[in-house]
Amino acid sequence: CPPFATYKHHGPQRTAADYERVAKDIAAILDRPGYDDGSIGPVLVRLAWHAAGTYDRKTKTGGSDGATMRFNPEKSDGANAGLEHARAFLEPIKAKHPWISYADLWTLAVSPPSRPWAGPRSLGPLDEKTVSAKDIPPNGRLPDAAQGASHVRDVFYRMGFNDREIVALLGAHSIGRCHSDRSGFEGPWTYTPTRFSNQYFKLLLNTKWVPKTLANGNKQFVDEDDEIMMLPAEMAFVFDDQFKQYVELYAKDKNVFYADFAAAFGKLLELGVKRAKTKL
Ligand code: ZEM
């Protein structure tokens, strides 16, 4: 039987080098003067996280496979507001490499600090076109920034993460910012929102956080100069001792944070993914 016969409708067999070329093309468009803090990296990371973070391990539904965020209701889930920009930024890459599936493109896009991306998903671009309504997860599976520790646990335990992994994943907020026209919250978490580091954990522990009510009524926490912010859901990490021990660990040791983040982010990107029989 000829090799890859089942995949012949996906075109020629792709190699790791093909995916590397896509990753390189994405890396080349990350710097964008005039957009936010000069990089589209953060919003691409948020796209990958929201694509994967709908996973429910009990029903084995949701996850990045099939790139279901292209469709309603997921596309218009309030939690995904603003991610149309991330998807649009990646369209020229898709046009240049039409053989890649959207799910692979979105998850390959950025994965700091290393690239824990585990290879192509089984649903190629052609199968992706046949994603049906039953494959699209219901809205409301992503975390609500206004809630506290028990909500955060409900959401991440549903995906299969433990407390340590949850805290590690939140270190992604060392990059990017909140936008009042997207989430309704405002500001960056760190002073260097385009640089991945453990600064987020140091700030979370050592800043005097002051509650602030925004013009739209949303409540967040800001430092005394109102330059950086935290969401109510994140303050849960210092109010809750089970979470706080990991905030302290990551604030102290950035190498432990980097290793834990890469493992947890890699696990996130794999949730619900049915691997192709052929590996790169
Ligand atoms: Zn976020 N996140 N997130 N997050 N997130 C925002 C932005 C970004 C929560 C949340 O409510 C928000 C994870 C977990 C959680 C990123 C990565 C990851 C914003 C601002 C909000 C409100 C959106 C806006 O206005 O543009 C909550 C409550 C979380 C869990 C409790 C995890 C896990 C992430 C990745 C591993 C990133 C990179 C951003 C910045 C996006 C940007 O456009 O700059």
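Order of appearance sets the numbers: ligands from 1, and atoms from 1 within every ligand. In this chain, residues are counted from 1 in sequence order.
- Between His97 and Trp99, the ring planes lie perpendicular to each other; the angle is over 60°, past the 30° to 60° tilted range.
- For residues 213-245, the pairs satisfying ring pair (Phe, Tyr, Trp, His ring centres under 6.0 Å) are Phe237-Phe243, with sequence neighbours left out.
- Note on atom 1 (Zn) of ligand 1: protein N/O/S atoms under 2.8 Å are His173 NE2.
- A distance of 6.0 Å separates OG of Ser76 from CG of Asn139, quoted to the nearest 0.5 Å.
- Those atoms of ligand 1 that come under 4.0 Å of a heavy atom in His179, given as number and element, are 24 (C), 25 (O), 26 (O), 42 (C), 43 (O), 44 (O).
- Counting all heavy atoms, side chain and backbone alike, Arg164 lies closest to Tyr250 at CG-OH, 3.3 Å.
- For Trp189, every heavy-atom contact with ligand 1 shorter than 4.0 Å involves the side chain, none the backbone.
- Taking the six-membered ring where the residue is Trp, the centroids of Phe196 and Phe257 are separated by under 6.0 Å.
- Residues Trp106 and Ala48 come closest through the heavy atom pair O-CB, 3.4 Å.
- Classification of Arg153 and Asp240 as a salt-bridged pair holds, one side-chain N sitting under 4.0 Å from a carboxylate O.
- Shown in contact with Phe265 at under 4.0 Å from a heavy atom are these atoms of ligand 1, numbered in order with element: 36 (C).
- Heavy-atom separations between Phe237 and ligand 1 are all 4.0 Å or longer.
- Distance from atom 38 (C) of ligand 1 to its nearest protein heavy atom, with residue and atom name: Pro42 O, 3.3 Å.
- The line from CD of Glu248 to CG of Leu205 is 5.5 Å long, rounded to the nearest 0.5 Å.
- Close placement of the Trp117 and Tyr19 rings is indicated, their centers lying within 6.0 Å of each other.
- Contact annotation: for Leu231 versus ligand 1, heavy atoms closer than 4.0 Å belong to the side chain alone.
- Geometrically, ligand 1 and Ser183 share a nitrogen or oxygen pair separated by less than 3.5 Å.
- Short contacts between ligand 1 and Arg182, defined as distances under 4.0 Å to a heavy atom of the residue, involve ligand atoms 24 (C), 25 (O), 26 (O), 43 (O).
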